[in-house]
There are 2 protein chains.
Amino acid sequence: MARPRADNYEGQREAILKCAAALFAQRGYVGTSMNDVAVACGLSKPTLYHYYRDKDEMLARIAEGHVSRLVELVESVEADSPGAPEARLEMLITRFLLEYADAQDAHRVLTEDVKFLPKVDRERILNKERRVVEAYANAIGLLRPDIGKAGLDKPVAMLLFGMVNWMFTWLKPGRSLTHASIAPLVCDLFFFGLAGATAPASGRRTTPTACRRSWTSAPARRPA
Amino acid sequence: MARPRADNYEGQREAILKCAAALFAQRGYVGTSMNDVAVACGLSKPTLYHYYRDKDEMLARIAEGHVSRLVELVESVEADSPGAPEARLEMLITRFLLEYADAQDAHRVLTEDVKFLPKVDRERILNKERRVVEAYANAIGLLRPDIGKAGLDKPVAMLLFGMVNWMFTWLKPGRSLTHASIAPLVCDLFFFGLAGATAPASGRRTTPTACRRSWTSAPARRPA
DNA sequence: CCTACCGATCGGTAGG
DNA sequence: CCTACCGATCGGTAGG
């Protein structure tokens, strides 16, 4: 008889990770026991330890797998569309939203549970996140050099990430509104907002309400 | 000797809550032990239980206290400025950001740890959150009736909350960029974005990239 | 307000 | 002698 050799080892590993991600997202990493994971997977706890060294390794794989796919997305868009920065950023936003739709559990885990990892793993994952933020900040700096020069490209990128990343708290699967269907609205809000935003050094920061143009008038193309 | 009678009971309660909120925000609710809280407060664990029935009560007080202040903010703005919806919404955003600046721990706890509360407490807090969302959605519906009629006023409100609520992940205290100084940028991004956003029923949702106007041209006032 | 504990459950691993 | 697991239980620590 031929030796079966680790049957579907990689398949099992992936199945366990999907399962663990769902539980971590629901009950939190610390609030989920290895026994919970085992039961949900239909496996014994010792079997879990055959596939993963410990609980932390599961967490690290879930978070890093997700952020790695985001980095790949960033790099593929950078490679594919050397052209207009606006089209590139819009493609980035839309692809991110499609990715998020299929990775909601992993995304919540990345957001809320990475803090429980040992420093080495945490830093490795944070560095990949920084890589993603930088890509967005660069695109924003190209669209609005004044904002970039004022050092506000990253803050604006983070505000954009806020719109998109916060969606996991309220956009539930199975409803009519989906990640894909809301993408154009997100892009509209952001691109029109970015085009209209006042330059930081124009002095209006000290008197936020007094200086706003009426929203019913056409937004300024760009300040000064 | 006169009995001191509950000295500074309420003061101690508040001090413990501040302390606990900082720990919960840092290590998570489940990841924080009552002993951690006791040590950080400079109290014994049994003393903690003199001020709070159990760990859940601390969590509930932190989260509900924060969201209650947000509801009060909403109601005070509704009472004070019966006038222009845009000015009211801008005031709401700015006051929220100022509140967030002083309640970053509580805000993180509200965001990440309410799920660990018993259903009764959780629902009570969620209802207050819904009250806040509705106020924002109403203001947005007044500014863009077409978006309101399409049922997108709440989604747009949630996108706005995303920008603002996500800030706790990246805006660290002690830097030059503060909640107050970024408020005008947030308002600009949102109001110009809202003014330019295409109406949902205009058909562009099926072809997101093809239909966008160039961001360099002036945004449309409003669709059709 | 402390030391000393409890019932239970944690993450991880023994023998078979 | 290997990989792939099971039932049972380890030493420590959680909330109370």
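The chains referred to below are lettered A, B, ... by the order of the sequence lines, with proteins before strands, and numbering in each begins at 1. Computed from a predicted structure; not experimentally measured.
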Do NZ/NE/NH1/NH2 and the carboxylate oxygens of [X] and [Y] come within less than 4.0 Å?
{"X": "B:Asp121", "Y": "B:Arg124", "value": "yes"}
{"X": "A:Glu123", "Y": "A:Lys119", "value": "no"}
{"X": "B:Glu75", "Y": "B:Arg131", "value": "yes"}

Q) Is the count of non-hydrogen atoms from other residues, nucleotides or ligands lying under 6.0 Å from A:Lys154 atom NZ greater than 12? A)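 For A:Lys154, atom NZ is not crowded (no more than 12 foreign heavy atoms under 6.0 Å).
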
Q.
Run A:Phe116 and A:Arg122 through side-chain contact (heavy atoms from CB on, under 4.5 Å) and show every step you take.
A. CA-CA 8 Å; A:Phe116 298 114; A:Arg122 209 171 52 226; over 6 Å; no

N/O donor to acceptor pairs below 3.5 angstrom from side-chain atoms of residues 67-74 of chain B, sequence neighbours left out:
from: B:Ser68; atom 1: OG; to: B:Glu64; atom 2: O; distance (Å): 2.7
from: B:Ser68; atom 1: OG; to: B:Lys128; atom 2: NZ; distance (Å): 2.9
from: B:Arg69; atom 1: NE; to: B:Glu99; atom 2: OE2; distance (Å): 3.3

Q. Which ones in residues 13-34 of chain B lie close to DNA chain C, meaning a heavy atom under 4.0 Å from one of its atoms?
A.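 Under 4.0 Å from DNA chain C: no residue of residues 13-34 of chain B.
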
Q) Is there a residue in residues 44-57 of chain B whose heavy atoms reach under 4.0 Å of DNA chain C, and which residues are they? A)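 DNA chain C contact set from residues 44-57 of chain B: B:Ser44, B:Pro46, B:Thr47.
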
Donor-acceptor pairs under 3.5 Å, side chain of residues 155-163 of chain A to any protein atom, not counting sequence neighbours: which ones?
none

Q) Taking atom C1' of D:dC5 as reference, at what distance in whole Å does atom OH of A:Tyr9 sit? A)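 Result: 13 Å.
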
**Q.** Whole-Å gap separating P (D:dG12) and CG (B:Asn35)
**A.**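 After rounding, the reported distance stands at 18 Å.
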
Listing, residues 11-23 of chain B side-chain donor-acceptor contacts under 3.5 Å, not counting sequence neighbours, or none:
from: B:Arg13; atom 1: NH1; to: B:Tyr51; atom 2: O; distance (Å): 2.5

(Q) If I take atom CD1 from residue A:Ile140 and atom CZ from residue A:Phe190, how far apart are they, to the nearest 0.5 angstrom? (A)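 Reported to 0.5 Å precision, the distance equals 4.0 Å.
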
(Q) What's the gap between C:dA8 and D:dG12 when it is taken at their C1' atoms, as a whole Å value? (A)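 Nearest-Å result for C:dA8 against D:dG12 at atom C1': 13 Å.
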
Q: Could you work out the separation of D:dA4 and C:dG16 based on their C1' atoms and round it to a whole Å?
A: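 Result for the C1' pair: 13 Å, nearest Å.
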
Q: Assess whether side-chain hydrogen bond (donor to acceptor under 3.5 Å, both in side chains) is satisfied between B:Arg95 and B:Ser76, documenting all intermediate values.
A: CA-CA 11 Å; B:Arg95 289 203 192 166; B:Ser76 85; 3.1 Å; yes

Q: Using Watson-Crick or G-U wobble pairs with both distances under 3.5 Å, give me DNA chain D in dot-bracket, 5' to 3', with [ ] for crossers and | for pairs to another strand.
A: .....|.|.||.|.||

